[in-house]
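This report concerns only the one structure given below.
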Amino acid sequence: MIRQPFHLVEYSPWPITSSLGAFTLAIGLASWFHGHSTWCLVIAVFLIIVSMIQWWRDVVREGTFLGHHTSHVTTGLRWGMILFITSEVMFFFAFFWAFFHSSLSPTPEIGCCWPPSGIHPLNPFSVPLLNTAVLLASGVTVTWAHHSLMEAKRMDAIQALMVTVCLGAYFTFLQAGEYVAAPFTIADSVYGTTFFVATGFHGLHVLIGSSFLAICLLRTMAHHFSAGHHFGFEAAAWYWHFVDVVWICLYLCIYWWGS
């Protein structure tokens, strides 16, 4: 048998269950939006959460306890995360394209002006500015956690991750309050659509990144990371920095310039 340094993953049901969960989620959301039962949505969320927990469990086992994440495997994981973040950059690029396409050349249907006639945009120097400070602070704390891990200071890393997760939760709380108090909705012309879609998907990414970091916090407490072997945390930190950069672009373009 030829020995090679790569890890050949075993058969797993979680990609299939995750796909079914995503498909069911789309159906459940469409049903909910049209005023029908939410049972499909509840089942979808439950299926996705179970798949996440089980899949994370398997990855932790193969990387931490079975030793399958060799240097060659970790290199592949790094490139996979880089390509994933690149795809996310293209995802948000489409939203910014839609925003500038409508704002730089406003049509007569919206009053030939931006923001459109009848739209009262949010004050960029109130809650949005506070949210910007919160996310920038979280970028500092997650970097603090990373350097603490590299220096084998586990308690410092735990403290920094706790602060980061709390800041992420606070950002979500502030954005939810902002949505409730907004004087316009997603149905209010192209401004409302581009605003809520772009900032809403960013908010979803904040929730995903917060869950990544929360898992890393639990793994740090369980001694899963060492000074030289903590790619799971690195991937979450890269993702969080990407979320920070996207928010800065959203704040400057949509909240400040767009208002």
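These figures come from a predicted structure and were not determined experimentally. Count residues from 1 along the sequence.
You'll find the side chain of S189 reaches within 4.5 Å of the side chain of I119, heavy atoms only. Side-chain contact between W257 and S103: present, with at least one pair of heavy atoms (C-beta onward) separated by less than 4.5 Å. By the 4.5 Å heavy-atom criterion applied to side chains, F242 and F92 are counted as neighbours. When side chains are defined from C-beta on, T143 counts as touching H241, because their heavy atoms get closer than 4.5 Å.
A donor-acceptor contact closer than 3.5 angstrom is absent between the side chains of D156 and W144.
To the nearest 0.5 angstrom, T194 atom OG1 is 10.5 Å from F96 atom CZ. Atom CG in N123 sits 10.5 Å away from atom CD in E178 (nearest 0.5 Å).
The aromatic rings of Y191 and F184 lie perpendicular to each other, with more than 60° between the two planes, well past the 30° mark. Ring pair F95/F91 is perpendicular by interplanar angle, where above 60° counts as perpendicular and below 30° as parallel.
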All N/O donor-acceptor pairs, side-chain side in residues 129-140, below 3.5 Å, sequence neighbours left out:
{"residue": "T132", "atom": "OG1", "partner": "P128", "partner atom": "O", "Å": "2.9"}
{"residue": "T132", "atom": "OG1", "partner": "W247", "partner atom": "NE1", "Å": "2.9"}
{"residue": "S138", "atom": "OG", "partner": "L135", "partner atom": "O", "Å": "2.6"}
{"residue": "S138", "atom": "OG", "partner": "W240", "partner atom": "NE1", "Å": "2.8"}

Pair up each side-chain donor or acceptor in residues 104-113 with any protein partner under 3.5 Å, not counting sequence neighbours, and list the distances.
{"residue": "T107", "atom": "OG1", "partner": "E109", "partner atom": "OE1", "Å": "3.0"}

- side chain to side chain contact (heavy atoms under 4.5 Å, CB included) between C216 and F225, worked out: CA-CA 9 Å; C216 288; F225 296 135; 4.2 Å; yes
- Message: Between V45 and I48, is the side chain to side chain contact (heavy atoms under 4.5 Å, CB included) condition met? List the steps.
- Response: CA-CA 5 Å; V45 172; I48 290 174; 5.8 Å; no
